[in-house]
S.K.: 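I have a structure I would like to understand better, so I am pasting it below and will then ask my questions one at a time.
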Amino acid sequence: MTRASQANTEATLSGWGNVPVPGHERLTERIDRASEGAVLSRGLGRSYGDSSLPPPDRREVLGTRLADRILGFDPQSGVMRAEAGLSLVEINRLMLRRGWFPPVTPGTQYVTLGGMVAADVHGKGHHSAGCFGSGHVRNLKLRLADGRIVECSREVEADLFRATVGGMGLTGHILEVEFAMRSIPSPWIWSESRRCGDIDEFIETIEEVHSTWPYGVGWIDCLSRGRNMGRGILDYGRWATAEEAAGKPLPNRPGIPIPFMMPGWLLGPLSVRAFNTLYYHQHVARHRRHGLRHPASFFYPLDTFLNWNRLYGRRGFTQYQCVLPKSAGRGAARTFLELLTSKGGASFLCVIKDTGPEGLGLLSFPKRGISIALDIAVRDDTQQLVDTLNELVISLGGRIYLAKDGFTRPEHYRAMEPRLDEFLQIRRRFDPEFRLRSAQSVRVLGDPARLVGEDETA
Amino acid sequence: MKVVILGATSGMGRAIARRLAERGDSLFLLGHEPEELERSAADLSARAPDFRGNVGHAHCDLREPEDFKMALTVADRALDGFDTVVVTAAVFATQEQLEADIDRTEELLRINFTNTVVFCEHARNVLLERGGGTLCVFSSVAGDRGRKPVALYGAAKAGLSTYLEALDHRYRSAGLNTICVKPGFVKTGMTAGLKPPPFAGEPDQVAALVVRAIDRGTPEVYAPSIWRLIMLVIMHLPRFVMRKVGF
């Protein structure tokens, strides 16, 4: 926050959580050229914390979103190769009505392919489809710190590939991504939802539903305590068959902009409590069958409001997302919620889903267990709250998701991540001076804040 | 439509080509970087309704007017007779950069005015020979009034706008629709690094207006549309005001 406060006069750059640092993006269609010498690449800036922000000694990051060409698509196999700045919203616009969908999608479509690889994103289908990078990317073209341009895959430069998938852009600038789209029987989702009275019922229901449904995600009211703790609604679905869709055309759903920064009190404890209670009780029946549903409303409910991050006001917000491993037992989620509610960690949105096995990406977030994500407005005690939650997560054997993080301490991250040393070793092999860095890698991974023998670059 | 585009690999040209490809028009790309042309052709081919657009490309550099005729002939053969030519290619430099380098100024004036007009003359000949078609060329709002920050760039664009307007008057009855596009500030790779003013546009927004103008034969397009109003005001400001203000 100290860096944010001196940023009044110069340009600032922030993640989705709106906590800025001095900096700017260099936007160009030619990332193949401009990546030479750049410290970090950034896609659409949807990581919440400081993953896409420059380290303290630099001001400029390379913006990739203009490098957005499809380089090939094979309608037989579904294999697509594209420049790293191509966004999911564009892929969906072009491909959904033509019978293709990405194998994995996160909860927003305003992300680039490069960002999806760097964060090794997962989605509502992690239990069945795994992560994007770990499970579905076939080949990557990278600009390394030493200037070389190389390709890597599971077979070629396999170490580099494992470190890059989920590696937060720290192993090289991702220039091109090749992956297989999946063919879908119709552009519509067939969905159902269930109301669950408490956290134990919730977890039982998730496990039951996920054994047969490919996509599912739960929302929990994380203000409810005692008997109702962890009550919520589980939303799940699959692609509708051609018969169910019956040729119904898919309409466009333009996003509704939130035109300016809202005042910070808007999402205060009272309004959050009111929203959560209302949202729970509007689901009157225990089990609802929605039938055909627009995939945007199912996969990307928050994209309905563009810039919804402005709802949190000028101080911004963070998202705390952790995975609690299966080995921690069924009570782990209850223990987590007990701690959260006792600290008054009011969250407008709290999302829960079960996750499948760990992917091959060395810093890939998910592992078999339960993932919990909550948005927290930045207040004076946010650091303390994150520390407390992290200590519990460490004791349960879980870990946090770097793409969401803006507050985790390096010693906590190290304690969560036994694979960190291997990641750093491989990274050192390709970038011994750690030229590629981010604000986050300096904060969490212990990267140098300043490169030895380099003048300050503006 | 069968469209030849000079400048489709980047910026507004890229956005226009995509809109045309996605609705099934046939395209042929001209440009000076072979690898860029190939990558853009692949992108546009994948966007065709059946995933299999067959977008061809050939070398054409606005610095080399002696090749223009040949490039258009190659495009014409590939498309089996084009009916539309779109020119978005041009070079840009700030007034400060140009004032510091007279060679660069000479080159910019030559590319953005002389050579662009020569290219248009070749295209005009081909189109008129077959009874008409559409010639859509990117000029700029910078050509509408002499202004401090774009004295040189604007002068070349003013000449180009005048040529395009006259072409429209002269040959519309013969079947040739000439369209002069005047973009205001648009956020592309060309303007990256400049501070966007209010009303800055997105390339796709411009592309939508340009494609509509091609379909309707509208001779003059301001994009985004608000710039028609802005330029109307600027064109009527008295000289003593223009001397005082910075734009």
Side-chain angles (χ1 to χ4, degrees), chain A residues 10-12 24-34 38 42 59-87 89-100 113 141 149 175-176 178 181 183 252 254 257 306 458, chain B residues 7-15 17-24 27 29 31-55 57 88-89 92 185-196 198 200-208:
Chain A
E10 45 182 335
T12 60
H24 61 267
E25 268 178 314
R26 176 179 179 198
L27 281 174
T28 170
E29 286 144 343
R30 300 297 301 275
I31 57 171
D32 54 333
R33 287 198 297 222
R42 164 184 164 109
R59 291 292 176 268
E60 186 173 276
V61 293
L62 175 62
T64 64
R65 64 176 190 265
L66 297 181
D68 63 348
R69 284 179 291 200
I70 300 170
L71 300 173
F73 177 71
D74 177 356
Q76 251 71 55
S77 63
V79 172
M80 177 182 276
R81 187 174 182 95
E83 293 175 336
L86 181 64
S87 71
V89 66
E90 181 74 349
I91 292 177
N92 287 339
R93 183 183 73 76
L94 289 168
M95 307 302 284
L96 197 52
R97 289 177 184 78
R98 301 200 271 176
W100 297 92
L113 289 176
K141 187 188 259 190
I149 290 183
L175 303 178
E176 290 175 16
E178 186 175 304
M181 299 276 288
S183 99
N252 285 325
L306 306 172
Chain B
T9 55
S10 65
M12 291 179 273
R14 181 184 285 190
R18 283 178 171 175
R19 282 193 168 253
L20 297 173
E22 284 168 28
R23 66 179 202 180
L27 302 177
L29 315 184
H32 66 286
E33 290 176 289
E35 201 191 331
E36 284 296 288
L37 285 169
E38 202 160 301
R39 292 165 77 93
S40 282
D43 180 55
L44 296 166
S45 297
R47 284 163 190 266
D50 58 353
F51 296 115
R52 293 179 189 284
N54 183 17
V55 179
H57 56 87
T88 60
F92 179 79
F185 191 99
V186 180
K187 295 180 214 159
T188 63
M190 186 179 98
T191 57
L194 304 176
K195 191 175 150 53
E202 295 290 340
D204 190 54
Q205 188 185 3
V206 174

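Worth knowing before you read on, the calculation uses all heavy atoms, side chains too, and leaves out hydrogens, waters and symmetry mates. Numbered from 1 within each chain, the chains take letters A, B, ... in sequence-line order.
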S.K.: Check the surroundings of atom CG in B:Asn54: do more than 12 heavy atoms from other residues, nucleotides or ligands lie under 6.0 Å from it?
M.R.: no
S.K.: Relative to chain A, which segment of B:Glu38 carries a heavy atom at a distance below 4.5 Å: side chain, backbone, both, or neither?
M.R.: neither
S.K.: Do the non-hydrogen side-chain atoms of A:Met181 and A:Arg98 ever get within less than 4.5 Å of each other?
M.R.: no
S.K.: Quick check on B:Glu33 against chain A: is it the side chain, the backbone, both or neither that has a heavy atom closer than 4.5 Å?
M.R.: side chain
S.K.: If you measure only the distance, is there a donor-acceptor pair under 3.5 Å linking the side chains of A:Arg69 and B:Ser40?
M.R.: yes
S.K.: Can you label the angle between the A:Phe73 ring and the A:Trp100 ring as parallel, tilted or perpendicular, going by 30° and 60°?
M.R.: perpendicular
S.K.: If you compare all heavy atoms of A:Ile70 against all heavy atoms of A:Ala82, which two are closest, and at what distance to 0.1 Å?
M.R.: CA-CB, 4.0 Å
S.K.: Go through the atoms of A:Arg97 and report whether side chain, backbone, both or neither lie under 4.5 Å from a heavy atom of chain B.
M.R.: neither
S.K.: Does any backbone or side-chain atom of A:Arg81 lie under 4.5 Å from a heavy atom of chain B? Answer side chain, backbone, both or neither.
M.R.: neither
S.K.: Shorter than 4.5 Å, heavy atoms on both sides: which option in A:Asp32, A:Leu66, A:Leu27, A:Asp68 has the most such pairs with chain B?
M.R.: A:Asp68
S.K.: Between A:Glu29 and B:Arg39, does at least one N-O distance fall below 4.0 Å, as a salt bridge requires?
M.R.: no
S.K.: For A:Met95, is it the side chain, the backbone, both, or neither that has a heavy atom closer than 4.5 Å to a heavy atom of chain B?
M.R.: side chain
S.K.: What part of B:Pro49 gets closer than 4.5 Å to chain A, counting heavy atoms only: side chain, backbone, both or neither?
M.R.: backbone
S.K.: Which atoms of A:Glu83 are under 4.5 Å from chain B, going by heavy atoms: the side chain, the backbone, both sets, or neither?
M.R.: side chain
